[in-house]
Structure formats: structure tokens, C-alpha cells
Amino acid sequence: MLDDPVTYLSDDESWKLLSGAALGRLVTSIAGQPEIFPVNYVVQDRTVLFRTAEGTKLFLAVTNSPVAFEADDHTTTEGWSVIVKGRAQVLKTDAEIQRAEQAKLSPWIATLKLHYMRVIPSEITGRHFKFGPEPDRAETFA
């Protein structure tokens, strides 16, 4: 339906939108508690690449925990959201790190972020939204 307010995106469309944004959220669960971290990132080879310091995000990769990554954007009339599910992986080999450095990904805040990490996707889903007024309830449920 052309007027549908929610459109599901293809993988290619989802990666294209992710590639055009710079800030997203890394989501995981630690000791049964949800955790969410804003990170600046780039898309490289259909993975999500970001940098981190020692701490929780780095621990995620060591424990091979499942993660989700979400980025979105909007205007006054439309928006989108893309979610990547997979595993976080610390880059260790010289070749992996050299490839990551080609992305020119710098930390946004004045802290040392010595470790490159990737979200290796097992799934990507994207949605596009058209904003507008709520439908008339009487017409919707009549």
C-alpha cells in the first residue's frame, strides 16, 4: 500500500541509510541487565565499526555476547530506523586494524579509544516511517 506509514527496507537500503549516519546505540545485556551505549561509528564491509576504551564494551567482545546496534534519523515528515543484530568482535590482527584505520574513525570526545570493534551482523532490519496524524479510531475499528 502506497500510503502505508511503515515501509520495511531491504538489506541494501538499510546498509545505505546506516552508512549515511554517524551516531548509533550499541545494546546488550550484562548480568541480566540491559545496557545501552551511544557510539559514533562507520559502516565498513557491511559491518558496524567503532572505537572503544577499556571497559564494558570491550568486555562484550571477550565474552562473545550477542549485541544489537541501532541508528535512526528523522525530519518533520519522515524517519527511519535500522537495527543490526550480531556479535561484537575486537580487531586484533595487524591487517584488521590497518583496514579499520582506513575508515578514519576518530573519537568524538577527548578520550583515548585504543580498540577497534566491529558488530558482525547475523541480521539487519530497517523501517521507513511517514509521519502524520493518528487515524480516526471510529473509521479504523468500524
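Position 1 is the first residue of the sequence; numbering continues from there.
- The residue from Glu54, Lys92, Arg51 that alone fulfils the side chain to side chain donor-acceptor pair (under 3.5 Å) condition with His115 is Glu54.
- Atom OG of Ser14 sits about 9.0 Å away from atom CH2 of Trp80, to the nearest 0.5 Å.
- In Tyr8, the OH atom is not crowded: 12 or fewer heavy atoms of neighbouring residues, nucleotides or ligands sit closer than 6.0 Å.
- Residues meeting the ring pair (Phe, Tyr, Trp, His ring centres under 6.0 Å) test with Phe69, sequence neighbours left out: Tyr41.
- Interatomic distance, CD1 of Ile124 versus CG of Leu9, reported as 9.0 Å (0.5 Å rounding).
- The two residues Glu101 and Tyr116 make their nearest non-hydrogen contact at CG-OH, 3.2 Å.
- Between the side chain of Gln33 and the main chain of Ile30, no donor-acceptor pair closer than 3.5 Å is present.
- A donor-acceptor distance shorter than 3.5 angstrom exists from the side chain of Thr28 to the backbone of Pro66, with no hydrogens or angles considered.
- The two residues Lys113 and Ala53 make their nearest non-hydrogen contact at CD-N, 3.9 Å.
- Between the side chain of Asn40 and the main chain of Ser106, a donor-acceptor pair closer than 3.5 Å is present.
- In this structure, the separation between CD1 on Ile36 and OG on Ser29 is 12.5 Å, given to the nearest 0.5 Å.
- Looking at residues two or more places apart in sequence or on another chain, you find no side chain to side chain donor-acceptor pair (under 3.5 Å) involving Glu123.
- Using a cut-off of 4.0 Å between Lys/Arg side-chain N and Asp/Glu carboxylate O, Arg25 and Glu70 are scored as salt-bridged.
- Rounding to the nearest 0.5 angstrom, the gap separating the CZ atom in Phe129 from the CG atom in Asp72 is 8.5 Å.
- Evaluation of the side-chain hydrogen bond (donor to acceptor under 3.5 Å, both in side chains) test over residues 15-24, restricted to residues two or more places apart or in two chains, returns none.
- Under the side chain to side chain donor-acceptor pair (under 3.5 Å) criterion, Thr75 pairs with Thr77, not counting sequence neighbours.
- Residue Val84 is tested with Thr47, Thr125, Val67, Leu18 for a side-chain contact (heavy atoms from CB on, under 4.5 Å); the sole match is Leu18.
- Sparse packing is recorded around CG of Leu112, with 12 or fewer heavy atoms of other residues, nucleotides or ligands lying under 6.0 Å away.
- Every residue two or more places apart in sequence or in another chain that forms a side chain to side chain donor-acceptor pair (under 3.5 Å) with Glu96 is listed here: Thr93.
- Legend: residues meeting side chain to side chain donor-acceptor pair (under 3.5 Å) with Asp45, ordered by chain and number and at least two apart, are Arg99.
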